[in-house]
There are 2 protein chains.
Amino acid sequence: MQIKKQMEDIILSDVQKQLIERLGVASEKEGLPPAPSRILALLMVSPVTELTFDQIREHLNLSKSATSTALNLLLTTNRIDYITQSGDRKRYFKNRIGNWRENIKGSVKKITNSADVLEEILNTRPDNTPEFNKDLKDLISFLRFMNDNLPALYRQWEEQND
Amino acid sequence: MQIKKQMEDIILSDVQKQLIERLGVASEKEGLPPAPSRILALLMVSPVTELTFDQIREHLNLSKSATSTALNLLLTTNRIDYITQSGDRKRYFKNRIGNWRENIKGSVKKITNSADVLEEILNTRPDNTPEFNKDLKDLISFLRFMNDNLPALYRQWEEQND
DNA sequence: ATTTTGGTTCAGTAATTGAAGAACTAAAAG
DNA sequence: CTTTTAGTTCTTCAATTACTGAACCAAAAT
């Protein structure tokens with residue numbers, strides 16, 4: 001087969017490039033390294049949502065190894081996914097934005113978690129710091145309250161969103 | 001005045017030390033460097049809530065410089081505060097846990113912010129990726145919904161908590 | 001059978017971070 | 001006015017991060 005598959009040349013406007021940087025920086029603040037952050041942002045902004053290893057690599061001026069490592073990190077942390085097409089060895093990577101509901105659940109879970117740690121702390125605290133203990137108690141109470149009520153709030157959004 | 005002020009020797013149980021580590025690691029995940037994270041955790045767990053430079057320094061085995069830098073970071077980011085006592089040059093540092101309401105407000109603000117970025121991205125997206133766009137749209141809608149409804153939920157907690 | 005494709009893995013490196021230590025300083029005590 | 005206290009600031013150092021480039025490899029194409 002001589003017909004070389006035409007690489008879809010994704011061209012991004014300056015605005016789109018800026019959005020990649022902005023979103024990339026946001027991901028870095030969440031603790032992701034720069035390269036994975038950029039990849040994730042590219043897969044969010046690119047008009048073509050499914051990009052090959054080399055498209056990503058070229059667009060972000062990364063080395064093969066950096067691209068490989070970053071993609072594998074994103075894959076193992078469930079932030080991206082890839083599909084294949086029969087008769088094409090390439091993998092097409094895509095942002096798993098459809099997973100946002102799962103991600104939100106994860107964030108809520110983290111709230112429970114920190115409430116638990118704070119509660120353990122509260123249990124070790126002496127009685128002679130009532131103001132401090134009250135603040136801590138309130139915070140824990142608030143976190144638990146949020147935990148209990150967020151699911152209902154989510155369902156409420158779901159309804160109005162149908 | 002010859003009476004050397006007795007340094008209140010804060011002694012922490014193993015459980016409390018572990019809690020400091022756990023809470024410290026949690027802070028590191030939020031992007032704080034190790035030393036500030038430990039200090040913040042110590043000021044949460046310590047039965048004495050107001051500690052001097054040297055008490056902190058000694059308890060965490062930090063150098064003076066590390067202690068100084070870390071404390072100043074925590075001060076400028078409003079995570080701790082200090083009080084003084086007349087006729088005592090030392091500053092007594094304390095965790096500003098009472099500020100948790102402010103902090104929560106900050107987190108909510110961050111939701112708005114990311115919704116804004118995502119909306120900008122949505123506006124640049126082509127029409128030929130309807131599934132992706134729908135997911136993005138839903139996420140934005142959900143974030144906005146949360147933003148609009150969280151204040152009321154907070155007030156609800158406030159009432160039940162009186 | 002050998003070349004190309006689509007990567008992975010490894011060794012090395014440059015930049016950044018986080019802390020240590022020593023020198024320094026301003027205010028208060030002696 | 002000298003010393004002590006309560007830190008700050010500066011230089012240095014070690015560890016870690018985030019990448020590059022080169023070698024490598026398995027499957028598919030030629």
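Since the model is a prediction, treat every value here as computed from it, not as a measurement. The basis for the numbers below is simple: all heavy atoms, side chains too, and nothing from hydrogens, waters or symmetry mates. The chains referred to below are lettered A, B, ... by the order of the sequence lines, with proteins before strands, and numbering in each begins at 1.
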Counting the atoms with a prime plus P, OP1 and OP2 as sugar-phosphate, which does B/Ala35 contact under 4.0 Å by heavy atoms, base, sugar-phosphate, or nothing?
sugar-phosphate

With sequence neighbours excluded, tell me which residues meet side chain to side chain donor-acceptor pair (under 3.5 Å) with A/Thr124.
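Here no residue qualifies.
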
A/Arg91: which residues meet the side chain to side chain donor-acceptor pair (under 3.5 Å) condition with it, sequence neighbours left out?
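By the side chain to side chain donor-acceptor pair (under 3.5 Å) rule, A/Arg91 matches no residue at all.
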
Aromatic plane relationship, A/Tyr154 with A/Trp100 - under 30° parallel, 30 to 60° tilted, over 60° perpendicular
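Rings of A/Trp100 and A/Tyr154: perpendicular, over 60°.
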
Taking only residues two or more places apart in sequence, or in another chain, which ones meet A/Arg89 in a salt bridge (charged side-chain N to carboxylate O under 4.0 Å, His left out)?
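Salt bridge (charged side-chain N to carboxylate O under 4.0 Å, His left out) list for A/Arg89, sorted by chain: empty.
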
For B/Glu30, enumerate each residue passing the salt bridge (charged side-chain N to carboxylate O under 4.0 Å, His left out) test, keeping only those at least two apart in sequence or located in another chain.
none

B/Arg96 and B/Asn78 side chains, donor-acceptor separation under 3.5 Å:
yes

A/Glu131 atom CD, neighbour heavy-atom count above 12 within 6.0 Å
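Atom CD in A/Glu131 is not packed in, count stays at 12 or less.
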
Is it true that, when you exclude A/Asn128 itself, more than 12 heavy atoms of the residues, nucleotides or ligands shown sit nearer than 6.0 Å to its CG?
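Counting other residues, nucleotides and ligands, CG of A/Asn128 exceeds 12 neighbours.
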
Over how many whole Å does the gap from A/Leu73 atom CG to C/dG7 atom C1' extend?
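Taking atom C1' of C/dG7 as the reference, CG of A/Leu73 is at 17 Å.
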
From OH of B/Tyr92 across to C1' of D/dT5 the rounded distance in Å is 13 Å

Reading 5' to 3' through nucleotides 6-13 of chain D, protein heavy-atom contacts under 4.0 Å coded B for base, S for sugar-phosphate only, - for none
SBBB----

Taking only heavy atoms on the protein side, list every residue of residues 22-34 of chain A lying under 4.0 Å from any atom of DNA chain D, sorted numerically.
A/Pro33, A/Pro34

